[in-house]
Amino acid sequence: GSFSESLNDKWNRSSPFNFFLTKAKGIDNKYNANQSVHIKEILSESFGELVQSAQFNYKIDVDWLVQCYPESFRSKPLLIVHGFKGREKQDLESEAAKYDHIGFCQARLDIAYGTHHSKMMLLKYTDGIRVVIHTANLVHGDWHQKTQGVWISPLFPILLGQGSGESDTKFRKDLIDYLTAYNHPKLRSWIEMIKTHDFSDCRVHLVASVPGRHTDISKDKWGHLKLRKLLKQVEPSCKQWPIVGQFSSIGSLGAKSEDWLCSEWLSSLSTMGQTLVEKSQLRLVFPSVDNVRLSLEGYPAGGSLPYSIHTAKKQTYLHSFLHVWKSDRNGRTQASPHIKTYMRMSPDGENLAWFACTSANLSKAAWGVLEKKGYQLMIRSYEIGVLFLPKSFSKEVFKIKDDNFLVPFDLPPTPYEKSDHPWIWDIPHVNKPDTHGMKWCPN
Ligand SMILES: CC(C)c1cccc2c(O)c(C(=O)O)cnc12
């Protein structure tokens, strides 16, 4: 139907970046047109004749997910890749018992506090494979009134003999390495399938994390050291440009900014080879209490922004780096962010030296922390994201306006007012009512 044809047109118009935001109910519909997608569009019949799919995620509502597929695709094999154990794993599997086309792959989480955060769709069609890397859980609320990021790959055709099937960005090899790291029999068939397809049109780099204590040649395959390795390709002319990090949760980063944030982590993101950057050049975007209170969802949006008082109290230095969520350019100031993006922007906010969208929040668990005097990078969680480097698009920088590069929020970001405080999900917020006249009283 015309509904789904429009996604093919939309995808063509979004080239070469193919980066989208999720549709948000309740904003002016002009902002839900181009460069906005819904999960039902991605899975629709005329976006590809589905043979089988794999859904990698954290929160999964099985019944809701099944009805996101068109009726005719609800018998095509669906592999759900998750990180649950014990009772949560049982609950997930019993929720799916009535669907005989659904199988499960439990990702190993051998390091405490790790989670399977990665959000990816592998879509096998009759004529090729498509990869979707995004930031939304497979639950209704994540696709309803939030700001989420979605990268939709080209249709990678079956390799017909000539050519390596690899892109300049080595995306296929990196994706195979990521899937191999699960070391799970149910992903072996997907790995073999990917090897028979032509990924040469892929223009993004893969930035992923897998749990482990990575050393030697594996040390810069994952997390912030992979990003550091890739950013050595960035134009040195951007060395004074600020780094912007935007996320929906914050981990325990240490008692001082020099413990990890402004040393190890910022060194990776400000890499151009050797230059480091002043911490004044680091701008962090995380919703304030009023951003949550005045959002379309109201305080319940804060249920997806799990920054705890226990953690916040230990790192009040962070609050001087914080900027509000403001996205007037996309009509999404009230669509609470669950997207995570990282970028290097020109001081005027008009150009980007690079841009990444990933499942990774601002945490050591996601990006990794160096241990044993830098001998190993310890990562707790699975994460996956895409990096856009100008050189992969034959450019020196991304000119946001001229290149029509979709940036999820307004640049330069707006600093917190004195009266602003970061959203904290496990304390009461009762001074002012939210958009629905409600207050927030967590138990
Ligand atoms: C602290 C945990 C349980 C949590 C709370 C609220 C939202 C969360 C979320 O959105 C993710 C995710 O998207 O991967 C992961 N953990 C989330």
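Note that these values count all heavy atoms, side chains included, but never hydrogens, waters or copies made by symmetry. We count ligands from 1, going down the list as the structure has it; atoms in each ligand are counted the same way. Being a predicted model, the structure only gives us computed values, none of them experimental.
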Atom 7 (C) of ligand 1: which protein heavy atom is closest, and how many Å away? Lys59 NZ, 3.5 Å
Can we call the ring centroids of Phe405 and Phe388 under 6.0 Å apart? yes
Heavy-atom closest pair (Tyr58 atom, Phe84 atom, distance to 0.1 Å) is O-CE1, 3.1 Å
Would you say the side chains of Ser53 and Tyr69 form a donor-acceptor pair under 3.5 Å? yes
How far is atom 10 (O) of ligand 1 from its nearest protein heavy atom, and which residue and atom is that? His338 NE2, 2.7 Å
Run the numbers for me: atoms of ligand 1, each under 4.0 Å from some heavy atom of Lys119, listed by number. 12 (C), 13 (O), 14 (O)
When only distance counts, is Asp142 in polar contact with ligand 1, meaning an N/O pair under 3.5 Å? no
Stacked cation flag Arg344 on Phe355, 6.0 angstrom / 45 deg: no
Could you go step by step and tell me if Glu297 and Lys146 meet the salt bridge (Lys or Arg N to Asp or Glu O under 4.0 Å) rule? CA-CA 8 Å; Glu297 299 169 84; Lys146 294 183 186 296; 3.0 Å; yes
Got Phe104 and Leu79 here, is their nearest side-chain heavy-atom distance under 4.5 Å? no
What about Asn137: any of its N or O atoms under 3.5 Å from an N or O on ligand 1? yes
Do Asn404 and Arg13 meet the criterion of a side-chain donor-acceptor pair at a distance under 3.5 Å? no
Option set Gly83, Ser118, Pro306, criterion heavy-atom distance to atom 4 (C) of ligand 1, minimum: Pro306
Starting from atom 11 (C) of ligand 1, which protein heavy atom do you reach first, and at what distance in Å? Tyr58 CD2, 3.7 Å
Looking at ligand 1, does Gly303 have a heavy atom less than 4.0 Å from it? yes
Please confirm whether Trp425 comes within less than 3.5 Å of ligand 1 when only nitrogen or oxygen atoms on both sides are compared. no
